[in-house]
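Taking it in order: structure first as structure tokens, then the write-up.
Each chain gets a letter, A, B and so on, in the order the sequences are listed, and its residues count up from 1.
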4 protein chains.
Amino acid sequence: MCRRHPLPPGAAGRSGRPGRPRSAAADTAILEATRAALVELGWSKLSMGDVATRAGVAKTTLYRRWAGKSELVVDAVAVLFDELELPDRGSLAADVEGVVRQFAALLERPEAKTALMAVVAESTRDEPLRERIRASIVDRQKRLVVEGRARAQARGELPVTADDRSGAAGAADDLVFDVIAGTVVHRALVSGQPVDGEWIRRFTALLLGGLGAAAHG
Amino acid sequence: MCRRHPLPPGAAGRSGRPGRPRSAAADTAILEATRAALVELGWSKLSMGDVATRAGVAKTTLYRRWAGKSELVVDAVAVLFDELELPDRGSLAADVEGVVRQFAALLERPEAKTALMAVVAESTRDEPLRERIRASIVDRQKRLVVEGRARAQARGELPVTADDRSGAAGAADDLVFDVIAGTVVHRALVSGQPVDGEWIRRFTALLLGGLGAAAHG
Amino acid sequence: MCRRHPLPPGAAGRSGRPGRPRSAAADTAILEATRAALVELGWSKLSMGDVATRAGVAKTTLYRRWAGKSELVVDAVAVLFDELELPDRGSLAADVEGVVRQFAALLERPEAKTALMAVVAESTRDEPLRERIRASIVDRQKRLVVEGRARAQARGELPVTADDRSGAAGAADDLVFDVIAGTVVHRALVSGQPVDGEWIRRFTALLLGGLGAAAHG
Amino acid sequence: MCRRHPLPPGAAGRSGRPGRPRSAAADTAILEATRAALVELGWSKLSMGDVATRAGVAKTTLYRRWAGKSELVVDAVAVLFDELELPDRGSLAADVEGVVRQFAALLERPEAKTALMAVVAESTRDEPLRERIRASIVDRQKRLVVEGRARAQARGELPVTADDRSGAAGAADDLVFDVIAGTVVHRALVSGQPVDGEWIRRFTALLLGGLGAAAHG
DNA sequence: ACCTAATCGAGACGGTACGTCTGGTCTTTAG
DNA sequence: CTAAAGACCAGACGTACCGTCTCGATTAGGT
């Protein structure tokens, strides 16, 4: 944990540090305030001072813990993406449809959509920020792909390849992840069209068709 | 044309309007200055005043024509996306690979990637801006999908459906467009991994497999 | 007349000048609009563009005729000061009281007081403007002092000096003018206290006492 | 003191206030910079941003302390008027001539004359500003009149009235103050003629004659 | 019961950019 | 040559945030 600003690596959560310890309640209040401000104001009109006021905290406290708006927002919204789950729905198609539906629902929440695109935009000129986004948001969700694939293989819906056995299936999973996440984001935020049942079925059919063809070819 | 700020809809380019006409040279200079500033500074540090200075133009001239930073940047980068082409490479696979490669190259240009994600982020809270992005950037590139499909159908690589004959193939084309554009953007800007030959081949295979399966199923 | 901007001295009101003649109605409308704007907005918030709009005239027309805000306002308010009169009230004391009362009434008009002090302030760094104020406003009112003195001498209230006979009484008249105008302005605009009957009587008594003492000393 | 912008009246200079205290050095630097700018540029071309730059201070610091240009300039020039003194020159006439000479010298300083008339002009539409001018500049100089009268009475040059004994001599002092200040300002700034020895003697004679006549009448 | 040291709130600080408003000028077409 | 219209450059306006700083006041552990 501890994606905080100072608190130099050595002295992390150690309780024996001298001086007054940081308030844990402040952290919670700040992140909640950030999400609330995102909903009300969106990314571009959200200001650090406003977040501090909402959280009942001094600006200094904010900057002591996060380096800037982007870092704060990444932490504030990361938890939203961890809510995604992959219950076993009985078939690969059902599993894919379920996760797409969940992801689309998430992208309808204003704090998620405005924050996600904005921090990605910022990260195009800020490599550490991109890393932070990857670590906090993106890579954590690859588990859904890995789990879905494993489950489909267990069901016999997908073949087990040499790569899988050697643990090097990353490239294939990455591709599937980019296709699902990218396509849904593009549909919802760029094309601005609804991610409804009809579209989800068509997309799932396309994806599974591709996976099946790849398995046979 | 005229995606400009005032110039009330009725009285557009008419030459008989009273008063001094708007300088056409200023338009060109402003859009060029905007792109240059995007390259140097990125979206978040680009300022209207700086663009005006670079363009040798007063700030008022800028605000007379564009309502804000987002609108200006959309116009400035829209032209970049119009450079995408779809020369006949002999097969659907080659056509897809070619357009993906072109699109990835475009997303490596700093003015394109920083601007694209940022204006999409802004558009999540600004419906008119979203429309402007769609009209100026997104929808214009759907021609590539339509043209590619038609060419593949002419080659016999894809079947001609009833929808195509009735001209209602929109939904299928939209899906393919979201998949291609979304996946490439996600790979390049979110995952932050290279869009190289190997990946392009895998992605194209997946997509074409999906299209083929859809055709047969 | 012609305290205007261009219209070079030679070619003044000549009717045989080539081209469209200047509209006389515009002059009237502009000066009236200026006075109206002074009443509503005061000096500092009065703008040339606003005056032009109120007068139904283009800004160019304004600048063709007046060099700037100060010059325009001087012309606009000069006429107000010409309304001061000195009817024969039977005695020097009554004449002085009458003119003081009139002047105080004038200084209660918002366009007069805001304009007068402002153009004087501007004139501290603008010699031509000071001259214009003197010519258009100040010196024109010295007639009141000259006339009052002559009438008092005719009544025998004041002695006739050698200076009067030689026509060199300017210095004495100037002093009286500065005392009256300066004192009333200071009372009304700086001290901000009412110029009422009681005060006027006291002031008149002081002034006439001083004149009488000078006559005897 | 504390003619500042916020700093709510109750919590004035208290040291126990929370937060970083205001820099006293900034105050000095700002007022000096304001006077310097007045000398160089005059009232109308003086800008808040320029004053801030000269003082090595941020614009926000300026606006945190003064509500606008007028308030700032009043504070900046008020100190100049406090330099006026009334040393005992042995007679009322000499005292009056002395103070007139000092006042005229002050009105030759560009920062004093341009500022004085301009803020009075502004105050014609701004009652709080008028009060501030009165409190900071005008009323403070009435001490000169009060002191001069008391000294003349002590010398036996002027009679002691019932009003003096009851401490209600305000009206008479106010009148003398308006006459002296108003007349000198009008001579210097409106008539634009020199306040030289000759004129001062004439004016003093007139004033003292009036006072003497009032005493006897 | 002190001491040390980092925290907390508050709010002032130097900056930068904002978007608007004027001031004056220039460039049109129309009379 | 003037008029109305309106675009043009220049630059001040007052505001909002930024991220830093300086305060006095807490709030712990370590002594």
Side-chain angles (χ1 to χ4, degrees), chain A residues 6-7 11 15-23 25-26 45-50 52-53 56-69, chain B residues 6-7 15-23 25-26 45-50 52-53 56-65 67-69, chain C residues 6-7 11 17-23 26 44-50 52-53 56-65 67-69, chain D residues 6-7 15-23 25-26 44-53 55-65 67-69:
Chain A
L7 267 214
S15 106
R17 273 192 324 126
R20 179 174 173 176
R22 289 187 180 169
S23 156
K45 297 192 180 168
L46 176 150
S47 75
M48 298 293 273
D50 182 60
T53 304
V57 141
K59 254 198 308 176
T60 352
T61 301
L62 245 160
Y63 282 107
R64 218 186 318 263
R65 304 181 187 204
W66 288 277
K69 191 164 140 172
Chain B
L7 266 215
S15 122
R17 272 190 328 126
R20 178 173 173 174
R22 290 191 179 168
S23 156
K45 297 194 179 164
L46 177 150
S47 77
M48 296 295 271
D50 181 60
T53 303
V57 141
K59 248 195 316 173
T60 31
T61 299
L62 246 163
Y63 281 107
R64 198 175 295 118
R65 304 184 186 203
K69 191 163 140 173
Chain C
L7 270 211
R17 274 188 324 126
R20 178 171 171 175
R22 289 188 178 171
S23 155
S44 63
K45 297 192 180 167
L46 176 149
S47 76
M48 299 292 273
D50 182 59
T53 304
V57 140
K59 256 199 306 176
T60 0
T61 301
L62 247 157
Y63 283 107
R64 221 188 316 270
R65 304 185 186 201
K69 191 164 142 172
Chain D
L7 267 212
S15 123
R17 274 192 323 129
R20 178 172 172 175
R22 290 190 178 168
S23 155
S44 63
K45 297 192 180 166
L46 177 150
S47 76
M48 297 293 273
D50 182 60
V51 169
T53 303
V57 141
K59 246 195 319 173
T60 34
T61 299
L62 246 163
Y63 282 107
R64 199 175 294 120
R65 305 185 186 201
K69 192 163 139 173

Rounded distance in Å - [atom1] ([X]) to [atom2] ([N]):
X       : N      : atom1 : atom2 : value
A:Leu62 : E:dG9  : CG    : C1'   : 13 Å
C:Arg65 : F:dT2  : CZ    : P     : 9 Å
D:Arg17 : E:dA10 : CZ    : P     : 14 Å

Checklist entry - Distance check: side-chain N/O of A:Arg22 vs OP1/OP2 of E:dA5, anything under 4.0 Å? => result no
Checklist entry - Counting just side-chain N and O atoms, does D:Thr61 come under 4.0 Å of either OP1 or OP2 of E:dG14? => result yes
Which atom pair, heavy atoms only, marks the closest approach of [X] to [Y]?
X       : Y       : value
A:Ser23 : A:Ala26 : OG-N, 3.0 Å
D:Leu62 : D:Val57 : N-CG1, 4.5 Å
D:Ala58 : D:Ala52 : C-CB, 4.1 Å
A:Arg64 : A:Arg22 : O-NH2, 3.5 Å

Checklist outcome for this item: Of E:dT7, F:dG6, F:dA3, the nucleotide closest to the side chain of C:Arg64 is F:dA3
Next on the checklist: Quick check on DNA chain F: between B:Gly19 and B:Ala58, whose nearest nucleotide comes earlier from the 5' end?
Outcome noted: B:Gly19
Checklist entry - Any sub-3.5 Å donor-acceptor pair from C:Lys59's side-chain atoms to C:Met48's backbone N or O? => result no
Checklist entry - Along nucleotides 16-21 of chain F, 5' to 3', which nucleotides get a B, which get an S, and which get a -, given that the test is a protein heavy-atom distance under 4.0 Å? => result BBSBBB
